[in-house]
*Asks:* 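Here it is: the structure, laid out below.
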Amino acid sequence: MLKIVVCVSGGGTNLQAVIDAISNGSITNARIEAVISNNPGAYALQRAKDHGIAGICISPKQFENRECFNEALLKQVSSYQPDLIVLAGFLVVIPEIMIREYRNRIINIHPSLIPSFCGTGYYGLRVHEGVLKRGVKVTGATVHFVDEGTDTGPIILQKPVMVEEGDTPEILQRRVMEQAEWNILPQAINLIANGKVTVTEGRTVIGRKENKEV
Ligand code: GRF
């Protein structure tokens, strides 16, 4: 049984998609041990509570400096001995020590087709603003492992979404969530939980069970 810790900062609709997929059996062999938020007001914490999952807030404001926060975050996460850490709209830079300790065991959902509209500064609505500004016709979402770079880790799953005439960043954000994020995040977790994701030389191979590195 894959033990998951989900890290969130906001509304938690991706968290909800994972909770639902576990309860309806689209994700097997996995359970959420805890939800951790840096934001005390995150609605995601309420969602955790509603489903009997431990919800913990650990805010940088509680600590003297970033280093102390990073240490506390790692300690909190590690107290659940997770097999997988899921960043579902977590607006915190993951400390390098955590990336090293959980190599290929941290995944993130990004609301574009990486390597477009990703990297520093591309988060939340800014991603969709960038898409509309550039005028691309297809966008989407990506689930990837987290490495030391910003949105540079091995890609697990991607799903395209059409940009439509008259889209605003908000409308597009919603469509990307509905048509892509809420599908591929649970799918990726299910693949990992069932030993179907291997990482070799910075790329993932999906569907092979032998030589599992994850
Ligand atoms: C999603 O668009 C996710 O891709 C991004 O932050 C948003 C989180 O939404 N990184 P929610 O909290 O899951 O509703």
Side-chain angles (χ1 to χ4, degrees), residues 2-10 14-15 18 33-39 44 56 58-127 130-131 139-159 180-181 184-185 187-189 191-193 195-206 211-214:
L2 190 89
K3 290 196 281 174
I4 303 171
V5 165
V6 184
C7 297
V8 292
S9 296
N14 279 287
L15 166 67
V18 176
E33 296 288 310
V35 171
I36 295 177
S37 175
N38 61 316
N39 165 16
I56 295 103
I58 172 157
S59 160
K61 290 184 191 136
Q62 299 164 257
F63 300 90
E64 218 169 283
N65 55 45
R66 202 68 193 181
E67 208 173 308
C68 296
F69 166 72
N70 285 347
E71 263 174 38
L73 177 67
L74 179 57
K75 208 168 157 196
Q76 186 66 254
V77 167
S78 296
S79 71
Y80 295 100
Q81 298 184 301
D83 302 303
L84 183 70
I85 300 166
V86 176
L87 310 182
F90 191 48
L91 299 177
V92 167
V93 177
I94 302 301
E96 286 208 3
I97 179 176
M98 187 156 148
I99 295 169
R100 278 199 301 276
E101 194 164 326
Y102 290 93
R103 174 81 56 203
N104 296 336
R105 286 188 291 153
I106 308 177
I107 64 171
N108 181 49
I109 175 87
H110 182 79
S112 78
L113 293 175
I114 290 175
S116 291
F117 308 104
C118 63
T120 310
Y122 280 114
Y123 59 88
L125 276 178
R126 292 179 188 210
V127 176
V131 164
T139 181
T142 303
V143 181
H144 64 93
F145 286 111
V146 173
D147 68 5
E148 283 78 357
T150 308
D151 303 326
T152 54
I155 291 171
I156 306 167
L157 291 178
Q158 294 189 295
K159 190 164 183 220
E181 294 182 44
I184 62 173
L185 184 60
Q187 269 174 35
I189 293 172
L191 289 168
I192 292 169
K196 299 277 176 58
V197 182
T198 311
V199 183
T200 314
E201 292 173 6
R203 290 188 295 273
T204 63
V205 178
I206 310 289
N211 305 324
K212 184 164 76 77
E213 282 179 27
V214 177

*Asks:* Are more than 12 heavy atoms from other residues, nucleotides or ligands located less than 6.0 Å from atom CD1 of I97?
*Replies:* no
*Asks:* Any pair with a residue in residues 140-152 that passes salt bridge (charged side-chain N to carboxylate O under 4.0 Å, His left out), sequence neighbours left out, goes on the list, sorted by first then second residue, please.
*Replies:* R103-E148
*Asks:* To the nearest 0.5 Å, what is the distance between CZ (F145) and CZ (R105)?
*Replies:* 10.5 Å
*Asks:* How long is the straight-line distance from CG of D83 back to CD of E33, given to the nearest 0.5 Å?
*Replies:* 8.5 Å
*Asks:* Tell me every residue that passes side chain to side chain donor-acceptor pair (under 3.5 Å) with S9, counting only those two or more places apart in sequence or in another chain.
*Replies:* N38
*Asks:* What residues form a side-chain contact (heavy atoms from CB on, under 4.5 Å) with S78, not counting sequence neighbours?
*Replies:* L74, E101, Y102
*Asks:* For S59, check side-chain contact (heavy atoms from CB on, under 4.5 Å) against everything at least two apart and list the hits.
*Replies:* C57, K61, Q62
*Asks:* Sequence neighbours left out, what passes salt bridge (Lys or Arg N to Asp or Glu O under 4.0 Å) with R100? Give chain and number order.
*Replies:* E96
*Asks:* Name all residues meeting the salt bridge (Lys or Arg N to Asp or Glu O under 4.0 Å) criterion together with E67; count only those two or more places apart in sequence or in a different chain, and write none if there are none.
*Replies:* none
*Asks:* With a 4.5 Å limit on heavy-atom distance, are the side chains of Y80 and I56 in contact?
*Replies:* yes
*Asks:* Before you tell me yes or no, could you show the steps for I94 and I85 under side chain to side chain contact (heavy atoms under 4.5 Å, CB included), namely the whole-Å CA-CA distance, both residues' side-chain angles and the distance that decides it to 0.1 Å?
*Replies:* CA-CA 11 Å; I94 302 301; I85 300 166; over 6 Å; no
*Asks:* Tell me, please, which residues at least two apart from S112 pass side chain to side chain donor-acceptor pair (under 3.5 Å).
*Replies:* H110
*Asks:* Check E181 against P111 and note the closest heavy-atom contact, atom names and distance.
*Replies:* OE2-CB, 3.3 Å
*Asks:* What is the minimum heavy-atom distance between V8 and A88, and which atoms define it?
*Replies:* CG1-O, 3.7 Å
*Asks:* Taking only residues two or more places apart in sequence or in another chain, which ones pass side chain to side chain donor-acceptor pair (under 3.5 Å) with Q187?
*Replies:* none
*Asks:* One pair to check against side chain to side chain contact (heavy atoms under 4.5 Å, CB included): F90 and V6. What are the steps and the verdict?
*Replies:* CA-CA 9 Å; F90 191 48; V6 184; over 6 Å; no
*Asks:* Restricting to side-chain contact (heavy atoms from CB on, under 4.5 Å), what partner residues turn up for N70, sequence neighbours left out?
*Replies:* R66, P95
*Asks:* So, using side chain to side chain donor-acceptor pair (under 3.5 Å) as the criterion, who are the partners of S79 when residues are at least two apart?
*Replies:* none
*Asks:* CG/N108 to CG/N14 distance, rounded to the nearest 0.5 angstrom?
*Replies:* 9.5 Å
*Asks:* Show every side-chain hydrogen bond (donor to acceptor under 3.5 Å, both in side chains) that has at least one partner inside residues 113-126, sequence neighbours left out.
*Replies:* Y123-R126
*Asks:* Please give me the minimum heavy-atom distance between I184 and A141, naming the atom from each residue.
*Replies:* CD1-O, 3.4 Å
*Asks:* So which heavy atom on I206 is nearest to which on L191, and how close?
*Replies:* CG2-CD1, 3.7 Å
*Asks:* When rounded to the nearest 0.5 angstrom, what distance separates CD1 in I4 from CD1 in I107?
*Replies:* 7.5 Å
*Asks:* Hey, which of I155, I192, T204, I109 is the one that makes side-chain contact (heavy atoms from CB on, under 4.5 Å) with V143?
*Replies:* I109
*Asks:* Hey, could you give me the OG1/CG distance between T139 and L113, rounded to the nearest 0.5 Å?
*Replies:* 5.5 Å
*Asks:* Could you work out, with side-chain contact (heavy atoms from CB on, under 4.5 Å) as the rule, every residue matching N39, not counting sequence neighbours?
*Replies:* S37, A42
*Asks:* Between atom CG of L185 and atom OG1 of T142, what is the distance when rounded to the nearest 0.5 Å?
*Replies:* 12.0 Å
